[in-house]
There are 2 protein chains.
Amino acid sequence: MARMEPDEVDEFLSAARLAHLATVDGRGRPRVRPVWYLWRDATFWLTTRLEARRVARDLREGSAWASLSVASEERPYRAVVATGTPEVIGKDEALLRDISFRYGEERGLRWLAHAMKEPDRVVMKLAPATLVSWDYGKRD
Amino acid sequence: MARMEPDEVDEFLSAARLAHLATVDGRGRPRVRPVWYLWRDATFWLTTRLEARRVARDLREGSAWASLSVASEERPYRAVVATGTPEVIGKDEALLRDISFRYGEERGLRWLAHAMKEPDRVVMKLAPATLVSWDYGKRD
């Protein structure tokens, strides 16, 4: 099946889809959950809470690697899967705003006001070590 | 935030969404990809190819555990995350049909004809050891 071109990946990831982020826990088992993301400068910008969420614990106690999957639910199916080692870059308000506003500005504003009060809220940067894309529409 | 009731989980998973299936590879790194699924008898029925896809290799060489995430892309956000040890149950044509027809009968028929010719095509059964659900709509 066909891959996407880099500009097609950019266009695909610019839609307000969810990413499914997989980590490995301290027992070596996979864990996956849906997350918001922002795709900018060929990098995924994610957000989590260092204490209240298991993603940060997994990256400390399990493997430092993460894998991330974004797919269109409608045909023609398109998908992007990336892997890399996320880097925690602190509570950056501008990035938190840009991540959350992708999913609706009004809701994003409310979310942001709440998130800025969470002491352990952070942004994570995932620069893909690998990125694979599929476009099943190109096969048809 | 609120969980879904069991019948709400059934209703949510009966829609033709994609699941994102995470495994751990032989190096202990997570891998995730979008997959079709069928939710029946409180069990996820998935399909893969034992040789041509990495999911089976991961379950042999990495951890036997898998984790699976299904989410609504639109608000109110709902999601189900399950974990378990997938069991390979062979090339069951009726199950392959029921899985693929969920995503469109005409396309499913074409897919099924092709899949039945693949020597390593199998169905995998994932009976959740854990299943967690979220319904953000209930919080509003």
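So you know, we letter chains A, B, ... as the sequences are listed, proteins then strands, and number each from 1.
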Heavy-atom contacts under 4.5 Å, residues 14-33 of chain A to chain B: A:A16, A:R17, A:L18, A:H20, A:A22, A:T23, A:V24, A:G28, A:R29, A:P30, A:R31, A:V32, A:R33
Applying ring pair (Phe, Tyr, Trp, His ring centres under 6.0 Å) to A:F44 and A:W39, what does each step give before you reach the verdict? CA-CA 5 Å; A:F44 289 98; A:W39 173 249; 4.6 Å; yes
Between A:Y37 and A:W45 (judged by ring centroids, cut-off 6.0 Å), do the two rings come close enough to count as a pair? no
Start with the C-alpha gap between B:W36 and B:Y103, add the side-chain angles, then the distance that decides, and say whether ring pair (Phe, Tyr, Trp, His ring centres under 6.0 Å) holds. CA-CA 8 Å; B:W36 282 350; B:Y103 300 90; 5.0 Å; yes
For the residue pair A:R78 and A:M4, establish whether any side-chain heavy-atom pair is separated by less than 4.5 Å. yes
Do you know which of A:A64, A:A71, A:G62 has the most heavy-atom pairs with chain B at a distance under 4.5 angstrom? A:A71
Flag for B:T130-B:T83: side-chain donor and acceptor within less than 3.5 Å: yes
Using a strict 4.0 Å threshold on nitrogen-to-oxygen distance, state whether A:D98 and A:R40 make a salt bridge. yes
